[in-house]
Asker: 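Can you keep this structure in mind? I'll have questions shortly.
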2 protein chains.
Amino acid sequence: MAGIKDVAKKAGVSVSTVSNVINGRHAKMGARTLRRVQEAIAELNYTPSAVARQLKSGHIKTLGLVVPSVANPFWGNVSQLIEKAALKRGYQVLICNAERDPELEANYMTSLQGSLIRGTILGSSPVSFDHLREHSEKGMHIGAFDRASRGAEGIVSCSVSVDQDLGARLATRHLIGLGHKKIAFISGPIGTSSRIARLEGVQRELSKVGLSIDEDLIWLGPQAAGFGDSQAAELGRTAARELLTRDDPPTAIFAVNDMYAIGACSGARELGYRVPDDLSVVGFDDIIMAKVMEPPLTTVRQPVEQMAELMVARLIETLEDEDGPAEPHVILRPELIVRSSTAARKNSDSINSGTEK
Amino acid sequence: MAGIKDVAKKAGVSVSTVSNVINGRHAKMGARTLRRVQEAIAELNYTPSAVARQLKSGHIKTLGLVVPSVANPFWGNVSQLIEKAALKRGYQVLICNAERDPELEANYMTSLQGSLIRGTILGSSPVSFDHLREHSEKGMHIGAFDRASRGAEGIVSCSVSVDQDLGARLATRHLIGLGHKKIAFISGPIGTSSRIARLEGVQRELSKVGLSIDEDLIWLGPQAAGFGDSQAAELGRTAARELLTRDDPPTAIFAVNDMYAIGACSGARELGYRVPDDLSVVGFDDIIMAKVMEPPLTTVRQPVEQMAELMVARLIETLEDEDGPAEPHVILRPELIVRSSTAARKNSDSINSGTEK
DNA sequence: GGTAGTGTGTGTAACGTATTACTAACCAGA
DNA sequence: TCTGGTTAGTAATACGTTACACACACTACC
């Protein structure tokens, strides 16, 4: 690979001159010199080394992005939106799949920090941020996506999230309004702040009308860790099968996200249940698939485009501005999108005796 | 940030000694010295600068990965599998969303090359690789994923792909066997090698039984570029609506990938068509969603785990071994997965007069 | 003729690490 | 005492770039 010195030698000038050309500082440069340098660059097929530049300048216009898994369409979509928003501001994005594993997360963070990256968006949101305190103290600015900052003060610089609690309450209220009383909540291991908030929202809304959620109806999957988001649909299917083969099955399921909801629909159908006639299902996120599946899914929409924009803007502000963003923590309103996977509860007797096997 | 020099000073040794400790060369080192260095590292919270290392060593254990879009579940899944395979071999992966745009692709490649990356897996597969010739000549090794090497000799170092033609033929044969004669092919802009191969496969198989595909039944979407993979489902839906409202609609649709197929099912349902009773739909890829949707999708499975493994292994071999992999180009067999989105053709009269509006 | 100003470039010290060649100390054997 | 070999650690250099101070040749002006 040709370096700046080779170019300088070929053009018969000093390296500084070449550097000036590369960086567009040729205002007061002889036309002949400029041309000779440009020719040498073209001839040698020279590309400046980004690495050397970084080493010299001490920082780099790149943001880290840690997500549970791009194999999950929600996070795949978010990743793309974040990348687009960052690119627009001259930043690149480094995507890391952390599989909701705190150790992997910390490893990635170390590696990002070694690359001189000073800002990272954290899409996965474990309850505790303790494993990231060290990095935060070393100067890594962390932006939390999809989780409020509560519980991570001093570690998280900014955050953008939907009001998880409100979202869950909207969904629950909708189901209650349709006459459902036995509402199940399904999720994978509940180790993230957003999931906890969603569950609490359900409980809060139910208790407002004098109902409460039976412990049995909170399905959290195999407690064993290591379940990435690729299995979400599969877990949702299992959840539905387990819940619906019980003696007194729920008439509605609120899933922690759309992938679980899709899986739940599938599991229910396998048992002969029709959605929404025999079982109502509500998801969360409103991924593209939700609109297109059969039946179209009732779900809680997160305004992801807007969230991605805000997140990137906030994080870049904390990096570039002396005193950071004026309002570092923003919480947006989710929106309930009613489609066809929910319906009024049928007479429960007919379900119990009719459809069940 | 503490540097190696700070550590050396604190421990009272030279920088080289610290370097030796970091890189595990402390076999013949005094126990006391070793301990002092380790303590200093811990106390200063020192992390070696990856950038400086790269600059010094001249290369880096990172692979580039250029995909059309991680928002497409197929590519999201592939990205994750490739990352896992690379990590296992001590390599990291840099994911880039190129949106099937040759210019963006070339830009990313330049940026990767500036980062000293010497190997990139190309998931998007435009027909022509000319825009990458320059990078290949500068020493970037390119591995083509999901497309054969034909037409890219001298630019692509290795490739892993499914036999696209065979996959399309399996799907077509299946539909023919069910009595379908009017089979539509739907896809976005047909600017990639894999898509062309799939279309050709359909045509070849049809002509084997004396049928041929009507030009009108090849639906390629709006020719305008810029359609990323996030719109795939939406395009599939539009395709179905357009095809099925014609005078003499097809009885089966073969979609270029599962997202289009899912969209097509949705579009068909909106018009009152039942899948598979009134319309058979076949996809390609076998993404997770295919099994779980309603009806479960008949599709052509790509063995993505195996492909990711092979791709990473091949590319690393070309980087590390003098003479590269023994067999750089591998083509795997796809498999037809028959589920419930395909069925025998009904009497065509009943369709024409009965269901259509 | 001296000073200042302007237009063009050059020389060199960093950035944080890895590597090479080197030194100093010690020991064993003749 | 000398040679040779091992061990433990050091000093110096290079990696490719950028930023800053400086050099040189003109012109202009008092």
Side-chain angles (χ1 to χ4, degrees), chain A residues 1-38 40-41 44-62 110-118 138-139, chain B residues 1-38 40-41 44-62 110-118 138-139:
Chain A
M1 278 291 294
I4 199 173
K5 279 192 291 199
D6 305 305
V7 176
K9 194 180 296 177
K10 177 134 211 155
V13 298
S14 73
V15 285
S16 324
T17 304
V18 178
S19 171
N20 286 334
V21 172
I22 295 166
N23 296 289
R25 288 186 295 265
H26 45 239
K28 19 179 97 175
M29 192 172 286
R32 223 170 53 92
T33 317
L34 176 58
R35 240 206 31 229
R36 282 231 310 265
V37 172
Q38 286 170 333
I41 289 178
L44 293 174
N45 222 331
Y46 163 74
T47 319
S49 150
V51 175
R53 280 184 166 167
Q54 287 167 38
L55 178 59
K56 186 66 183 109
S57 68
H59 69 277
I60 167 181
K61 284 201 143 189
T62 297
T110 304
S111 145
L112 291 173
Q113 211 147 18
S115 310
L116 261 29
I117 290 174
R118 288 175 42 233
K138 275 205 221 172
Chain B
M1 279 289 295
I4 199 173
K5 280 190 293 200
D6 306 304
V7 177
K9 195 180 295 176
K10 177 135 214 158
V13 298
S14 74
V15 286
S16 325
T17 305
V18 178
S19 169
N20 285 333
V21 172
I22 296 166
N23 295 289
R25 288 186 295 266
H26 46 238
K28 9 181 107 174
M29 193 175 285
R32 221 170 54 91
T33 316
L34 176 58
R35 238 205 33 228
R36 283 233 309 268
V37 172
Q38 285 170 335
I41 290 178
L44 293 175
N45 221 330
Y46 164 75
T47 318
S49 150
V51 175
R53 280 186 165 169
Q54 287 165 39
L55 179 58
K56 186 61 187 140
S57 66
H59 69 280
I60 167 180
K61 284 200 145 190
T62 296
T110 304
S111 143
L112 292 173
Q113 211 148 17
S115 310
L116 260 28
I117 288 175
R118 287 176 44 235
K138 275 205 224 174

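In the text below, chain A, chain B and the rest are named by the order of the sequence lines, each starting its count at 1. All values derive from a computational prediction rather than experimental measurement.
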Asker: What I'd like to find out is whether the side chain of B:Val21 reaches to under 4.5 Å of the side chain of B:Val7, using heavy atoms alone.
Answerer: no
Asker: Shortest non-hydrogen contact from A:Val37 to A:Ala11?
Answerer: CA-CB, 4.0 Å
Asker: Of all the heavy-atom pairs spanning A:Val13 and A:Val18, show the shortest one and how long it is.
Answerer: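 Between these two residues, the closest heavy atoms are CG2-CG2, 3.9 Å.
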Asker: Mind listing the closest non-hydrogen atom pair of B:Ala40 and B:Lys10 along with its distance?
Answerer: CB-CG, 3.8 Å
Asker: Tell me: NZ of B:Lys61 to C1' of C:dA18, nearest whole Å?
Answerer: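 My rounded result for the distance is 17 Å.
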Asker: Base, sugar-phosphate, or nothing: which does B:Val13 touch, judged by heavy atoms less than 4.0 Å apart?
Answerer: sugar-phosphate
Asker: Report each atom pair, protein N/O against N/O of nucleotides 11-13 of chain C, whose distance is under 3.5 angstrom.
Answerer:
{"from": "C:dG11", "atom 1": "N7", "to": "A:Ser16", "atom 2": "OG", "distance (Å)": "3.0"}
{"from": "C:dG11", "atom 1": "O6", "to": "A:Ser16", "atom 2": "OG", "distance (Å)": "2.8"}

Asker: Please report the end-to-end axis angle for the helix from C:dG1-D:dC30 to C:dA30-D:dT1, five pairs per end, rounded to 10 degrees.
Answerer: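 Roughly 70° between the end axes, to the nearest 10°.
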Asker: Measure the shortest side-chain to side-chain distance between A:Ile4 and A:Ser19 over non-hydrogen atoms and say whether it is less than 4.5 angstrom.
Answerer: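 Side-chain contact under 4.5 Å: yes.
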Asker: Which heavy atom in B:Ser111 sits nearest to a heavy atom in B:Ser115, and how many Å separate them?
Answerer: O-OG, 3.0 Å
Asker: Would you say the side-chain atoms of A:Lys138 pair up with the backbone N or O of B:Asn45, donor to acceptor, closer than 3.5 Å?
Answerer: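 Here the side-chain-to-backbone pair exists.
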Asker: CD1 of A:Ile4 versus P of C:dT10: gap in Å, rounded?
Answerer: 12 Å
Asker: When you compare the side chain of A:Thr47 with that of B:Gln113, does any pair of heavy atoms fall below 4.5 Å?
Answerer: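 Not in contact.
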Asker: Atom CD of A:Gln54 to atom C1' of C:dA14: distance rounded to whole Å?
Answerer: 17 Å
Asker: So, using salt bridge (Lys or Arg N to Asp or Glu O under 4.0 Å) as the criterion, who are the partners of A:Lys61 when residues are at least two apart?
Answerer: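 For A:Lys61 there are no salt bridge (Lys or Arg N to Asp or Glu O under 4.0 Å) partners, ignoring immediate neighbours.
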Asker: Expected output is a numbered-order residue list: members of residues 26-35 of chain B with a heavy atom under 4.0 Å from any atom of DNA chain C. What is it?
Answerer: none
Asker: Could you tell me how far apart A:Leu55 (CG) and C:dT17 (C1') are, to the nearest whole angstrom?
Answerer: 8 Å
Asker: If the cut-off is 4.0 Å, is A:Asn20 near the phosphate of C:dG9, judged by side-chain N/O to OP1 or OP2?
Answerer: no
Asker: Measure from the side-chain N and O atoms of B:Ser57 to the backbone N and O of B:Arg53, and report whether any donor-acceptor pair falls under 3.5 Å.
Answerer: yes
Asker: Check whether any side-chain nitrogen or oxygen of B:Arg25 sits under 4.0 Å from OP1 or OP2 of C:dA18, and answer yes or no.
Answerer: no
Asker: Using a distance-only test with no angle check, is there a side-chain donor-acceptor pair under 3.5 angstrom linking A:Ser14 and A:Thr17?
Answerer: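 Yes, a side-chain donor-acceptor pair sits under 3.5 Å.
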Asker: Could you give the start and end, 5' to 3', of the contact zone on DNA chain D for chain A, using atoms under 4.0 Å from its heavy atoms?
Answerer: D:dC15 to D:dA19
Asker: Which heavy atom in A:Leu116 sits nearest to a heavy atom in A:Gln54, and how many Å separate them?
Answerer: CD2-O, 3.6 Å
Asker: Using the test salt bridge (Lys or Arg N to Asp or Glu O under 4.0 Å), find all partners of A:Arg25 that sit at least two apart in sequence or belong to another chain.
Answerer: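 Result, salt bridge (Lys or Arg N to Asp or Glu O under 4.0 Å) vs A:Arg25: none returned.
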Asker: How would you label the contact of B:Thr17 with the nucleic acid (heavy atoms, under 4.0 Å): base, sugar-phosphate, or nothing?
Answerer: base
